[in-house]
Amino acid sequence: MLEKAYDPKPVEAKWSKFWLEERLFEGQAKSDKPKYSMVLPPPNVTGVLHMGHALCFTLPDIIVRWKKMQGYNTMWLPGTDHASIAVHNVIEQSLKEKGLSRDKVGREEFLRLAWEWKEKYGGVITEQLKRLGCSLDWSRERFTMDEGFSRAVNYVFVSLYRERLIYRDYYLVNRCPRCQTVLSDIEIEHQEVKGHLWYIRYPLPGTDEAIVVATTRPETMLGDTAVAVHPDDERYKKFHGKKVLLPLQNRLIPVITDEQVEKDFGTGAVKVTPAHDPVDFELGKKHSLEQIIVIDGLGRMTEAAGEEFKGLDRFACREKVISKLKELGYLVKLEDYSHAVGHCYRCKTIIEPYLSWQWFVKIEPLAKEAIKAVEDGRIVFIPENWTKTYFDWMYKIHDWCISRQLWWGHRIPAYYCQDCHQVMVAMEKPAACERCGGTVVQDEDVLDTWFSSALWPFATLGWPEKTEDLKVFYPTDLMSTGFDIIFFWVARMIMMGLKFMKEVPFKEVFINGLIRDLKKRKMSKSEGNIIDPLEMIDKYGTDALRFTLASLAVPGMDIALSEERMAGYRAFANKIWNASRFVLMNLGEEKTGSDDQSLSLPNRWIRSRLTRVIKQLNDSLKNYRFYEAAETIYHFIWHEFCDWYIEFIKPELRQGNKNTRAVMKDVLDKILKLLHPFMPFITEEIWHHLPERGLSLLTESWPEASNQWLDEEAEEAMKFLQDLISEIRTIRAKNQLPVKEKVHLWISDQGESRRLAGPHQEAIRLLAGVDKIEYVTEMPASKNLLKGVASTIEIGLQLARSVDSQPEMERLQKELAHLEEDLAKLLARLENPDFRQRAPQAVVTEHEQRRQELQLKREKLLKNLSEMKEL
RNA sequence: GGGCGGUUAGCUCAGGGGCAGAGUGUCGGUCUUACAAACCGGAGGUCACUGGUUCGAACCCAGUACCGCCCA
């Protein structure tokens, strides 16, 4: 027998272990069943489980479990990402604590430490994942730097290079001076920063004239190689072709003209620093300007900046340049100025444009195919408004800088001859230079983490080998992820999948919302507003957490997570637990079957409702409306199965009704199956207490919605009884009649009511606290009679003592007032000839019916009231 | 500056042309032998604002305000 309250901990431990031992999550390479596959967005090995993961993994788990029960050969592949820059930072930090640095220990030792760290801590997140109950196929677990995966990465690099889709270039890229690596464009976060606009005079030698330029970064002036103005700008025509003096450096630099210069910005004249600004870089190339590097990769001033500034940090240098300019009279003025500044997405340091040799992916040919795949519907975004975001980005995509000056990651398979500088790209290191036979060295850099994760959907299945897994499980069916990595990851998987598999990597992309706190802010450590999923699991149980996430998952909406809600679903788990206890207590170990021909009303009703619920659930899940599915099953279990069905059948159970026992058991069995994808642990535990159980709910079939169970007559009859009982309860509550005080119920109708209520005297007595029921044509007049109207039937509650009729009259008055209001609205509409003419016939009829009901009820209420007044 | 989403009960949110909903909180009552993590009952709304379309608008359209996010 079940314990009195549900305790999630032992149950969760037990079934997690069981599912793994029985290998229930494993996909079959050979199977007659249709396949349904997914790959898990690999969390970083440095990661700890947060709510974002919990959401992003729980939702697809609901789908996978549902699909599996529907008879699919499901396979959901887990794994982790090596998270190049994140791990690199962790190791560097630990070295720093020991007074060491990456340069001091060297590459080999650094990598040894990184692997050691990975072995030790890389499993943390996977263990945490298991606690969520996700049905992941751990036998197929992968790591983006495992041997096979690394081979795939090299293979892709070499292939793209040979097709000239990967190239090396001396280019101005974003560099984080703190992480000491370059970053791709999308790894830059733009933030509005309050700064200044400095106006600096560049004199024209031999005259009193000068050009004033405006800049937000005065320190870069040290590397200026031109001043640019718009060719049509009258103010500067006299400077065309002249050279001005660059203050502090005492260099002469040309004044150039270019259409790109905005006449309205600042003074209309801008300084040009080709080595330190993306716009100036392009301008410099166009006008063949010299590129002078004055800031190095650490954000410090170089020798070229001049003796006075060399070695200074870029921001310290800014101050010094300003004070120098001021001192020498070159600073004209400054203005407050807000502008967007790029920050490193990992460490939030202000990035520095940096001129260097880097590797790039030529993105346009890849992007073209990826756009087409979404355009023609081979890939569908859910909700679909993300499609627009995807296109917007894909249309203006830049080439992708993929080299990183880090050590932890896939080292770029490019080799350079030390003698003739020949570049060789190959799977294996060449023994000698292919041209001159000289010694070769490998490129020092590693690849962007996202380069390898772009291959995740197929490299995890064994590609480039032609494996069975690849044949069976690719393309996958669904990708569930957050919108924040549509560009980083989803788009690139699509490009790489199309390029190398000639097929999309997944058919649907489900974009879940971002988890926020109650004030809709992002959860972050620095804000201190994190709700830790593991803590929630400890407190409320995994099932409660999962159900909360599902119930809040409205497609396209961010989620404001509240702990209260979780407490509510813990209560729900307990409710199911206790309802099951009740069922089990009344069941025994007998094998039961029901005789469908002679089922009582509540049994027919619950089956009918169950059928509708199954249909609804299927529809909701098919459309990824998790919140709708969650609400449907929640309401059905608590407010129909528990509140009405179980209460209603108590008398029948006492009489030993075998049919009722059978239906009760069968409905519970189906409820557990329907709820299983949402709450896998508690359902599995309860189900194993049922007399006829199998290996696991996961290997059971998803309940069918069989139309022969639909029973509108039963639903209507039940509705009548519910109305009747509710009305009695309301009268009792208003008149403060304790449950113990039984009343005598009069029903003023001999026909229909008697037919409907007659067989359920016992249930009515139990649920409404009635001891005797009588049917009359006329309601007797009595001082101890409380009257009400249920549906359109007059009822009276006869008490053994006399009661104050005042509260009851007030209640009826109020009900009447409400009713009059509704009726007035209804009549106004019905009296409108346009309504009758133009509204659909069905709507008109419906309105008519409602009017009749309301009028009938109004009559009864008025009658009751006047009778009560007379007494 | 461009784009996306939001504004419905005290709070968190569904709904999406034809009766205004849920959970939670709140108020009153109940230890009714599955469950007090429960049960029963009640109160609580100008569906942000302005206009339009329509027989009919919380819902569709246009605009305004405010909040949030993304991209420059």
Side-chain angles (χ1 to χ4, degrees), chain A residues 1-6 185-186 188-190 192 339-340 342 383 385-386 388-389 392-393 396 483-484 486-487 513-514 516 518-522 540-541 544 548 551-552 554 556-586 625 627-628 630-632 634-635 638-639 642-643 646-647 650 654 725-740 765-769 811 814 818-819 821-823 825-826 828-840 842-844 846-847 850 853-854:
Chain A
M1 187 48 58
L2 302 178
E3 295 294 319
K4 206 168 166 185
Y6 174 56
D185 290 344
I186 57 171
I188 306 308
E189 284 177 2
H190 290 274
E192 199 74 3
H339 60 131
N385 56 307
W386 290 110
K388 186 174 156 42
T389 310
D392 283 353
W393 187 67
K396 57 167 194 193
F483 68 82
D484 48 335
I486 291 179
F487 306 146
L514 215 59
R516 298 177 186 281
L518 280 177
K519 289 175 189 152
K520 304 225 165 134
R521 289 174 315 196
K522 272 188 188 177
Y540 303 105
T548 305
S551 72
L552 291 170
V554 179
M557 292 277 291
D558 286 349
I559 294 174
L561 193 65
S562 81
E563 206 177 317
E564 267 178 17
R565 191 123 178 186
M566 232 161 315
Y569 291 124
R570 175 183 57 177
F572 178 50
N574 198 50
K575 186 74 183 175
I576 300 156
W577 185 260
N578 276 294
S580 305
R581 266 184 88 211
F582 176 84
V583 171
L584 291 168
M585 279 163 69
N586 283 280
R625 291 198 295 258
Y627 66 101
E628 194 179 76
E631 194 191 279
T632 301
Y634 176 91
H635 185 268
W638 200 318
H639 298 301
C642 292
D643 287 354
I646 287 186
E647 295 305 327
K650 279 178 180 172
R654 271 179 216 153
I725 291 164
S726 294
E727 180 68 11
I728 299 167
R729 282 169 171 172
T730 306
I731 298 173
R732 298 187 63 113
K734 273 292 153 201
N735 293 283
Q736 312 237 327
L737 300 182
V739 186
K740 275 166 271 175
R765 281 173 51 173
L766 198 69
L767 270 63
R811 187 183 78 88
K814 203 170 171 185
H818 271 297
L819 197 143
E821 229 176 88
D822 288 349
L823 195 58
K825 266 193 260 175
L826 204 59
R829 194 170 284 177
L830 280 165
E831 278 159 14
N832 182 350
D834 283 336
F835 172 72
R836 289 189 173 277
Q837 227 172 58
R838 306 207 186 194
V843 173
V844 178
E846 201 190 302
H847 276 64
R850 215 162 68 228
E853 263 170 47
L854 289 182

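Sequence lines set the chain letters: A, B, ... in the order given, protein chains first and strands last, and positions in each chain run from 1.
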* Just by distance, with hydrogens left out, do A:N578 and A:R581 show a side-chain donor and acceptor under 3.5 Å apart? -> yes

Take atom [atom1] in [N] and the same atom in [M], then report the distance between them in whole Å.
| N | M | atom1 | value |
| --- | --- | --- | --- |
| B:C11 | B:C47 | P | 16 Å |
| B:A57 | B:A65 | P | 26 Å |
| B:G51 | B:G45 | C1' | 23 Å |
| B:G44 | B:A20 | C1' | 13 Å |
| B:C59 | B:U7 | C1' | 14 Å |
| B:C4 | B:A43 | P | 43 Å |
| B:G68 | B:G63 | P | 23 Å |
| B:A58 | B:G21 | C1' | 12 Å |

Watson-Crick or G-U counterpart of [N], or none if no pair lies under 3.5 Å:
| N | answer |
| --- | --- |
| B:U7 | B:A65 |
| B:G44 | none |
| B:G25 | none |
| B:G16 | none |
| B:C60 | B:G52 |
| B:A37 | none |

Please report, rounded to the nearest Å, how far the [atom2] atom of [N] is from the [atom1] atom of [X].
| X | N | atom1 | atom2 | result |
| --- | --- | --- | --- | --- |
| A:W393 | B:C69 | CH2 | P | 22 Å |
| A:D822 | B:G45 | CG | P | 16 Å |
| A:Y627 | B:G23 | OH | C1' | 15 Å |
| A:K734 | B:U30 | NZ | P | 15 Å |
| A:E563 | B:U12 | CD | P | 16 Å |
| A:R811 | B:G28 | CZ | C1' | 15 Å |
| A:F835 | B:C19 | CZ | C1' | 12 Å |
| A:E628 | B:G23 | CD | C1' | 16 Å |

* Pair A:L766-A:R654, side-chain contact (heavy atoms from CB on, under 4.5 Å): steps then yes or no -> CA-CA 12 Å; A:L766 198 69; A:R654 271 179 216 153; 4.2 Å; yes

From C-beta outward on [X], which listed nucleotide comes closest to its side chain: [options]?
| X | options | answer |
| --- | --- | --- |
| A:F483 | B:C4, B:C35, B:C69 | B:C69 |
| A:A579 | B:A34, B:U12, B:C55 | B:A34 |
| A:M585 | B:A34, B:A14, B:C55 | B:A34 |
| A:I646 | B:G5, B:A14, B:A34 | B:A34 |

* To do: Let me know, please, whether A:K825 or A:T730 comes out on the 5' side of the other along RNA chain B by nearest nucleotide.
  => A:K825

* Asked: RNA chain B: A:K388 or A:R565, which has the more 5' nearest nucleotide?
  -> A:K388

Within the 4.0 Å heavy-atom criterion, would you say [X] contacts the bases, only the backbone, or no part of the nucleic acid?
| X | result |
| --- | --- |
| A:A839 | base |
| A:E564 | sugar-phosphate |
| A:P840 | base |
| A:Y569 | nothing |
| A:E831 | nothing |
| A:R732 | nothing |

* To do: Answer yes or no: does a side-chain N or O of A:K814 lie under 4.0 Å from OP1 or OP2 of B:G42?
  => no

* Going by the angle between their ring planes, with limits at 30° and 60°, are A:Y569 and A:Y634 parallel, tilted or perpendicular? -> perpendicular

* **Pairwise side-chain contact, A:K650 with A:N586, heavy-atom cut-off 4.5 Å (strictly under)** => no

* Close side-chain approach of A:T389 and A:F483, heavy atoms under 4.5 Å -> no

* **Non-hydrogen atoms of A:Y627 and A:S551 that approach each other most closely** => CB-O, 3.3 Å

From [X] [atom1] over to [Y] [atom2], what is the distance, rounded to the nearest 0.5 angstrom?
| X | Y | atom1 | atom2 | answer |
| --- | --- | --- | --- | --- |
| A:K814 | A:R811 | NZ | CZ | 11.0 Å |
| A:R625 | A:E631 | CZ | CD | 12.0 Å |
| A:N574 | A:K4 | CG | NZ | 10.5 Å |

Identify the pairs formed between an N or O of the protein and an N or O of nucleotides 36-39 of chain B at a distance under 3.5 Å, and give each distance.
| unit_1 | atom_1 | unit_2 | atom_2 | d |
| --- | --- | --- | --- | --- |
| B:A37 | O2' | A:N574 | ND2 | 3.2 |
| B:A38 | O3' | A:K575 | NZ | 3.1 |
| B:C39 | OP1 | A:K575 | NZ | 3.0 |
| B:C39 | OP1 | A:W638 | NE1 | 2.5 |

* Under 3.5 Å, is there a donor-acceptor pair between the side chain of A:R829 and the main chain of A:F835? -> no

